[in-house]
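This one's a predicted model, so the numbers in the text were calculated from it and none came from an experiment. Chain naming here is simple, since letters A, B, ... match the order of the sequence lines and numbering starts at 1 in each.
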Amino acid sequence: MSGAPIVEPHRMSGAPIIELRKVSKRFGRPHGALSRWLGQKPAPVVQAVSGVDLSIRTGEVVGLVGESGCGKSTLGRLVAGIMPPSAGEVLWHGRPRAGLSAGEERAAKLGVQMIFQDPQSSLNPRMRVSEIVGEAPRVHGLIGAEGEEAYVDAQLRRAGLDPSLKRRYPHQFSGGQRQRIGIARALAVQPAMLVCDESVAALDVSIQAQIINLFLDLRTDLNLTCLFISHDLGVVEHVSDRVAIMYLGRIVEEALAETVFSRPNHPYTQALLAEVPRLETRKSRFGAIQGELPSPLNPPPGCHFHPRCPHAFARCSREVPVLREVAPGQRSACHLNDIAG
Amino acid sequence: MSDVPTLELRDLNTVFDTRAGVLRAVDGVTLSVGRGEVLGLVGESGSGKSVTGFSIIGLIDPPGRIASGRIRFQGRELVGLAEPELRRLRGRHIAMIFQDPMMTLNPVLRIDTQMMETIQAHERVSGAEARSRSRDALGQVGIPSPDERLSAYPHQFSGGMRQRVAIAIALLHNPALIVADEPTTALDVTIQAQILAVVQKLASERGTSLLWITHDLSVVAGLADRVAVMYAGRIVESGAVDAVLDNPMHHYTRGLIGSVPSRNRRGHKLLQIPGMTPSPLDRPAGCAFRTRCAAADAACETEPALTRPEPGRELRCFHPAHGAVAA
C-alpha cells in the first residue's frame, strides 16, 4: 500500500531479452506422402499461434491477456523454450535461439523459467520439497552437494516458506503454499526471466493478494523480466508495464498498461474491458459482446474477431489487419484505424 | 415482495462426521431470500458456502448431515422432509446450477432426452410438447439454432454453451428459487457476461429468487441486491450490496475488498489478509477470524453475537470498522 511504486513504466529502455519474430505454432500431423498415397484426408491442424511479433525488454513485465483457447499458454511455452516454433524465430539476447551452441542453449533454457497455474500438477507428488527445489540447481552445477541444504533453505525463505517444512511432500501444503514452492523451484536456477502462466488464477482472493505481493517484491529484488499470462484483467493491470491482448492466435493490441486500460483501441480489447465485473459497478446490465471464440481448427477469414465485432465491415472478412502503430507506443490490428486516419 | 420469504435459513448446522472429528462446515447460518431477490453468498474455499447451497437442495449425503436448524422454502420446512416430497420440489420449484455443467448433464444422453425427461418428471405432457418447450428454453438462454442443438450431445458444446444448457434445464419449470454455485467461475469474461445477462433478465422477468454463491465480490456487486459474507462456516456480515461494499464493517470483508487488484494503485503492493483460512477441524474459539485480524483482542476469544448496526445489516464483530476501504 505504501512506499514507492514497484512498477516503473519507464524502465523498459533496456535491450530485448527475448524477441519473437513472426512466430507461429501449429499442432497436428503434417499431411505426408504416405498418407496422401493412402488417400487419407489431411489431419486437422490447429494454428495455435500465428505470426506473432513480440519483444520483451530486460526488467519489464509484459502481461499477456486472452480468453481460453486464444493461444496465450502456447505463446508462453514458445517463449520459455519448452516447445519450438513451427515457423518464425525466437531471439535470445539478440541471437536466434535455434543457432545457439549446446552449452548456450542450455543456459538460455535455464534463463527462462515457468510458473504454472496448478501447483498440484506441476510439482512431483513423490518428491520432498527439498528435492523439488534443490534438484535443478544441483544437476546444473549451480551448487555443490555440501551447499545444497543452505541454498534450498534460502530459496524457500525468499518465497515466504518456513525451511523447517522442507522434508514435507507437496500434498501437505495449502494451495498458496504450493504456489510458493513452484516459485522457489523456478527461482532456484537463477533465471533472468519468468513466464507465469495463470499463476494466481486458482487461488482464493486473499491468498492471490499474498502471492502477487511476493511476486512484486521478487521482481524488484532480482530485477526479473516477466511474461505474465492471465485471463484476469485486474491482475494484469496491476502487475504489468506493458500489455498484449491475444485473440485466436494473434496479438490484436499491444501497448503500455495504462494506455490499454485507459484508451483501448481494438474493439476486442474494448469489449473485454467493458465486461470485466468491477466492485464499483452496481446492478449493472450485463451483456454486450455476442458469440464465442471460434474454433482454432476453422478460424474465420480476415480479422479473426469480425464475426463478433460490432463495427465489422466488408474488408474485415477479407483482409487480415496488420498489427501497426496507431499512437506512440500503442500497436493495434484493426482496419477501423485506416478509416479514422 | 410478499411477507413470506422464498427461502429462509434459521441457525443451520451442517456437519460431516469424519475420523478426525465432527467437521462443522456450516455453523449456525441464518439468511433469507425474498421473492425476486438476488442474494450473493460470498466466501473463499472452505468457508461452507457450497455446503449451504447443497443443504438447501437436500444434496447432503453421509458422512454429512444437517445436525440442526431450519430451511423454509415458501414457508414450508425442508429439513426432515421425506425423499419423495423433496423430489417433487427439486427441479420443479427449486433448481440448482453447478460450477461444472457436467454435474448436471449426462454425457451419454442427448440434450433433448435430458430436457424432456426433466419436464416429464414433473408434468404429464406429450413428448412433442416437452420437446417444443425444451427448444424454447434453449432459445431463451441464447443458444443459436436450438432445433439442431437439441439433438446434440453435451461434449459437442463448448463450456459456455454447456452452462447455458444447464441454466435452461434449471429454468424449465420456472422455479421460485435458483441456487447457483459458482456458475460462471470457470468461464471467460465475455461468456460470463453473456450468462449473467441471461440470468439477470430471466430472474427479473419471472420474479425468480436467486442465491448466487461465489468467491467473486465483483460479480456480486453487479448482480445482487444483498450480500452475505461467509467465513469459516458462519455469516460474518450481511446487508444491501451498496451498504456492505461501500461501508464494510467486518475486518474480513474489508480485507477481501482491499485485496481486489483493480482497487489498488497499480504496481503498489496489495492490501493482504495475513495467514490462511483455519482448518474446519481446528478453528480458533470465539471469532474464527481473530487470528488473522488486526483489530482482534481478548474480547474476540468469545463468540461475537449477531448485531444489527443499521437497518437491514447484520454483523458478527466486537470491533466493527467504519467507512470505505482505502484504495
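- Taking OH of Tyr252(B) as the reference point, atom CD1 of Ile257(B) lies at 11.0 Å (rounded to 0.5 Å).
- Most heavy-atom pairs under 4.5 Å with chain A: of the set Val198(B), Asp216(B), Asp246(B), Thr185(B), this distinction falls to Asp246(B).
- For Ser174(A), the part sitting under 4.5 Å from any heavy atom of chain B is the side chain, from C-beta outward, and nothing else.
- No other option in His231(A), Glu237(A), Glu280(A) has as many heavy-atom pairs under 4.5 Å with chain B as Glu237(A).
- In this structure, the side chains of Arg263(A) and Glu258(A) stay at 4.5 Å or more apart for every pair of heavy atoms.
- Put simply, the side chain of Ser206(A) never gets that close to the backbone of Ile273(B): no donor and acceptor are under 3.5 Å apart.
- Each of Val189(B), Ile191(B), Thr190(B), Leu217(B) has some count of heavy-atom pairs under 4.5 Å with chain A, and the biggest count is that of Thr190(B).
- Under the side chain to side chain donor-acceptor pair (under 3.5 Å) rule, Glu237(B) has a single partner from Arg313(B), Arg316(B), His250(B), which is Arg313(B).
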